[in-house]
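What follows is one structure encoded as structure tokens, with my remarks underneath.
Just so it is clear: chains get the letters A, B, ... in the order the sequence lines come, proteins before strands, and each one is counted from 1. This one's a predicted model, so the numbers in the text were calculated from it and none came from an experiment.
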Number of protein chains: 4
Amino acid sequence: MPRTKEQLQEIRKKTEKLILYSALELFAEKGFNGTTISDIAAKAGISKGLAYNYFSSKKDLLEAVCETLLIEMDKIFKPIEQIEDPYLKIEILINLIFTQIEKEEKFWRLYMDFSLHPGVKEIVNKITVDYLDTGFKLLEKIFRQIGIKNPANESKLFGAIIDGMSLHYIFNKEHYPLKQMKRFLKKKYNKESLEKLK
Amino acid sequence: MPRTKEQLQEIRKKTEKLILYSALELFAEKGFNGTTISDIAAKAGISKGLAYNYFSSKKDLLEAVCETLLIEMDKIFKPIEQIEDPYLKIEILINLIFTQIEKEEKFWRLYMDFSLHPGVKEIVNKITVDYLDTGFKLLEKIFRQIGIKNPANESKLFGAIIDGMSLHYIFNKEHYPLKQMKRFLKKKYNKESLEKLK
Amino acid sequence: MPRTKEQLQEIRKKTEKLILYSALELFAEKGFNGTTISDIAAKAGISKGLAYNYFSSKKDLLEAVCETLLIEMDKIFKPIEQIEDPYLKIEILINLIFTQIEKEEKFWRLYMDFSLHPGVKEIVNKITVDYLDTGFKLLEKIFRQIGIKNPANESKLFGAIIDGMSLHYIFNKEHYPLKQMKRFLKKKYNKESLEKLK
Amino acid sequence: MPRTKEQLQEIRKKTEKLILYSALELFAEKGFNGTTISDIAAKAGISKGLAYNYFSSKKDLLEAVCETLLIEMDKIFKPIEQIEDPYLKIEILINLIFTQIEKEEKFWRLYMDFSLHPGVKEIVNKITVDYLDTGFKLLEKIFRQIGIKNPANESKLFGAIIDGMSLHYIFNKEHYPLKQMKRFLKKKYNKESLEKLK
DNA sequence: AATGAATGAGACTTCATTCAT
DNA sequence: CATGAATGAAGTCTCATTCAT
């Protein structure tokens with residue numbers, strides 16, 4: 001009995017996801033150029049040929065991974081949009097980010113590898129720039145809501161802190177005092193401290 | 001008649017530098033894996049073979065580039081060690097760093113590509129970690145000298161800001177308001193603001 | 001539809017053999033260092049890349065060729081083990097060896113090139129030494145069975161004669177009187193002559 | 001004061017010999033293809049360029065080494081020609097050969113490597129064949145002088161024994177009982193034994 | 001006579017991609 | 001839909017040979 005169209009479509013979707021996430025993890029681990037299609041196929045438990053049935057080239061796969069990445073990131077930060085209190089918003093944002101750094105270091109790796117990576121850059125740049133901008137805008141809104149003096153700059157500063165710490169953590173995972181820095185940052189951005197920036 | 005030892009030494013030094021800086025620029029531009037020995041030779045205007053007369057492998061060249069990089073960075077930050085006044089020290093440090101970011105973006109690119117890049121990482125990691133540590137310690141000393149409450153954390157925060165901003169600048173050179181952020185940061189770390197951290 | 005496992009296995013076996021025997025012949029003809037992967041691929045009628053799908057390096061291929069060689073040699077000399085009469089055993093052994101020398105000169109070439117060749121030697125040495133020992137032991141047993149006075153030395157002498165003649169034959173295939181030497185040797189090692197060694 | 005023509009010529013001769021013997025040893029040790037001009041120059045303590053002042057190519061050097069080798073071998077076996085008594089001649093020949101095997105294994109290595117070696121073979125073959133023939137003829141003459149039945153075959157047998165043993169010795173220098181085989185061979189070819197071959 | 005920097009052809013090897021099944 | 005054998009371009013590296021000094 002042949003499978004129904006729905007079943008086939010489901011298989012396709014599932015396999016595509018499988019390839020995508022295998023690629024994502026390997027790209028994060030070994031970089032784009034350092035990952036081979038064979039690696040990806042092996043990790044996904046499929047044949048090399050099948051990967052080309054889903055993605056027409058390695059670059060294509062990269063773009064797809066990139067989009068996936070952004071969608072995932074969006075998902076993570078979606079919840080905070082519904083929070084009303086800006087102080088709470090920042091606190092939860094910090095919580096989310098640090099959980100994210102620790103738990104999903106690979107996202108940061110990808111984010112950085114892709115952005116710095118030659119050949120890959122062109123593809124990825126626009127997306128990340130947009131993404132960064134969105135983040136900056138979001139933060140800016142929060143800071144403006146609070147009434148802080150220079151919300152645009154403050155948001156860029158905050159963003160820099162986050163990405164700088166992530167970078168340092170990735171460089172030296174064993175020894176970077178991530179939890180301590182998180183507490184420190186939360187103090188820097190608690191209600192009392194933020195008041196001083198008005 | 002053969003060339004004198006001095007002549008030979010000079011040739012070797014000159015060619016080595018030529019190769020080294022060609023490699024440095026290309027690594028910065030296209031990453032380690034994205035740069036071929038052919039690229040480097042072409043940029044240096046020499047044959048592929050000659051590169052191997054000076055560096056026994058691409059990895060060897062990478063290590064040499066790495067060391068060069070650190071030496072260059074050291075040179076840049078050396079002057080501030082002699083400044084006595086910690087407030088001035090920070091101000092000049094910020095000046096130096098921002099000049100550096102703008103002028104020698106390639107250093108940051110290398111610094112990041114090397115550190116994030118798989119396969120390359122092993123070689124470079126120790127060096128960068130050491131270097132980062134040195135930077136953190138230097139900052140910590142300054143903050144402690146001033147009498148700031150949590151010098152270790154503050155130094156890591158400062159470091160994160162710098163590297164985060166550099167990252168954002170590299171991502172979006174055209175639009176990132178580097179000069180504006182520099183002014184902003186200088187205000188954040190001027191004498192008046194630092195006093196509040198005591 | 002993908003090929004069945006059996007089909008794939010057969011293809012792999014066939015291609016592997018093809019590469020192996022192409023390599024074997026070329027190694028025998030031009031030596032290990034004198035043979036390129038391109039040569040082998042060309043002789044096998046495949047692409048260079050495919051050779052690496054079957055053997056991970058030229059050295060790996062060498063080892064495989066070596067094993068093949070020994071297996072083939074074993075096959076050749078297996079039958080004589082079942083012969084009871086030691087005099088007949090020697091006669092048939094001589095027959096086999098001389099047929100072998102003439103027919104499969106390449107085996108001897110390999111055997112010698114590999115053993116004498118630097119760099120290659122390390123890999124091959126143990127195998128050939130073992131093999132030689134086995135041969136000596138086998139002969140020794142035969143001579144002892146006959147009751148010859150100094151079986152260990154006689155077996156080494158016999159071995160030396162064989163390999164020396166092979167060497168001379170290879171040096172000068174056109175003019176070396178192989179058949180004549182075979183007859184001569186058979187007389188030297190016939191029952192009557194062997195009796196004198198008791 | 002410029003050097004006299006004689007002095008210059010002497011320097012040339014000395015340097016040529018230096019290169020030649022450096023090449024000889026390295027070829028013996030690592031084979032022709034395994035030895036680089038750099039190796040040879042380094043061993044001779046001269047520059048690569050100078051080697052080309054004396055030998056126009058690596059192949060040229062090989063041929064020269066080959067000739068040197070034969071001259072050296074000739075020198076070694078010259079003395080026995082003057083011995084009258086054929087029995088003594090054989091005894092001394094065996095002595096000489098075994099001393100030679102043990103002491104100058106490199107000659108045998110070269111002799112074999114060159115003969116079996118691809119590309120090299122063409123050059124070397126004629127010489128070695130001639131040399132071998134000369135040896136066979138010499139032995140044949142001795143055996144004929146003694147009155148042995150089949151001097152041509154006996155001389156080839158003797159030659160095979162020698163080269164076979166050398167081969168086995170080189171394969172397994174540590175364990176091959178060279179001295180023991182020498183004694184054994186001397187008994188096989190002493191007056192008493194030879195008489196039986198008449 | 002002597003040097004070693006420089007070249008370039010060609011070796012080994014990897015891997016994205018294609019294709020017969 | 002699925003496979004992995006097969007290709008070939010391109011990358012790293014070696015080395016005989018040349019040449020300016």
Side-chain angles (χ1 to χ4, degrees), chain A residues 2-3 7-8 11-12 15 33 35-41 46-61, chain B residues 1-5 7-12 14-16 33-41 45-61, chain C residues 1-5 7-9 11-12 14-16 33-41 45-59 61, chain D residues 2-3 7-8 11-12 15 33 35-41 46-61:
Chain A
R3 275 169 280 213
Q7 279 177 315
L8 283 175
I11 288 176
R12 267 202 85 79
T15 307
N33 278 328
T35 302
T36 70
I37 296 287
S38 284
D39 290 341
I40 295 166
I46 57 157
S47 69
K48 264 182 295 178
L50 193 56
Y52 281 87
N53 196 317
Y54 287 84
F55 301 93
S56 65
S57 74
K58 204 182 168 191
K59 257 194 176 160
D60 192 42
L61 183 49
Chain B
M1 248 168 306
R3 276 170 276 218
T4 64
K5 266 197 180 146
Q7 282 175 310
L8 286 172
Q9 206 162 29
E10 183 153 348
I11 288 175
R12 276 202 82 81
K14 221 174 96 187
T15 308
E16 185 177 319
N33 279 327
T35 302
T36 70
I37 295 287
S38 283
D39 291 341
I40 295 166
I46 59 160
S47 68
K48 267 183 292 177
L50 193 58
Y52 285 89
N53 195 318
Y54 286 82
F55 301 93
S56 64
S57 73
K58 202 182 167 192
K59 262 196 173 157
D60 192 41
L61 184 49
Chain C
M1 247 171 305
R3 276 170 275 219
T4 65
K5 266 196 180 145
Q7 281 175 311
L8 287 171
Q9 206 162 29
I11 289 175
R12 277 202 82 81
K14 220 174 98 187
T15 308
E16 186 176 317
N33 280 328
T35 303
T36 70
I37 296 287
S38 283
D39 292 341
I40 295 167
I46 57 159
S47 68
K48 265 184 293 178
L50 192 58
Y52 285 89
N53 195 318
Y54 287 82
F55 301 93
S56 65
S57 72
K58 202 183 166 191
K59 262 198 173 157
L61 184 49
Chain D
R3 276 169 279 213
Q7 281 177 313
L8 283 175
I11 288 175
R12 268 202 84 81
T15 307
N33 278 328
T35 302
T36 70
I37 296 287
S38 284
D39 290 342
I40 295 166
I46 58 157
S47 69
K48 263 181 295 178
L50 193 57
Y52 280 86
N53 196 316
Y54 288 84
F55 301 94
S56 65
S57 74
K58 203 184 168 189
K59 257 195 177 160
D60 192 41
L61 184 50

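- Leu50(C) places its CG atom 17 Å from the P atom of dA16(E), with the value rounded to the nearest Å.
- For the pair Lys58(B) NZ and dC12(E) P, the interatomic distance rounds to 21 Å; values are reported in whole Å.
- The separation between Arg12(D) atom CZ and dA2(E) atom C1' is 11 Å, rounded to whole Å.
- Using a 4.0 Å heavy-atom criterion, one finds that Ser56(A) contacts no nucleic acid atom at all.
- Comparing dA5(E), dA11(E), dT7(E) against the side chain of Ile46(B) picks out dT7(E) as the nearest.
- In this structure, Asp60(A) places its CG atom 14 Å from P of dA16(E), rounding to the nearest Å.
- No hydrogens or angles considered: nothing links the side chains of Ser57(A) and Asp60(A) as a donor-acceptor pair under 3.5 Å.
- Here the nucleotide nearest the side chain of Ile37(A), chosen from dT12(F), dG4(F), dA16(E), is dA16(E).
- Ranking dA6(F), dA16(F), dA6(E) by closeness to the Ser47(B) side chain, first place goes to dA6(E).
- Atom OH in Tyr52(A) sits roughly 12 Å away from atom P in dC15(E) (whole-Å rounding).
- Rounded to a whole Å, the NZ atom of Lys59(D) is 16 Å from the C1' atom of dC15(F).
- dA1(E) is unpaired under the criterion used here, namely a Watson-Crick or G-U wobble arrangement in which both key atom distances are under 3.5 Å.
- Using a 4.0 Å heavy-atom distance criterion, Tyr54(A) is classed as a sugar-phosphate-only contact.
- With dT17(E), dA2(E), dA5(E) as the candidates, the nucleotide lying closest to the side chain of Asn53(D) is dA2(E).
- Among the nucleotides dA6(E), dT14(F), dA2(E), the one closest to any side-chain atom of Thr15(B) is dA6(E).
- Using Watson-Crick or G-U wobble geometry with both donor-acceptor distances under 3.5 Å, dT21(E) finds its partner in dA2(F).
- Side-chain atoms of Lys48(B) lie closest to dG10(E) of the nucleotides dT7(F), dG10(E), dA16(F).
- Across all strands shown, dA9(F) is found opposite dT14(E) as a Watson-Crick or G-U wobble partner, with both distances under 3.5 Å.
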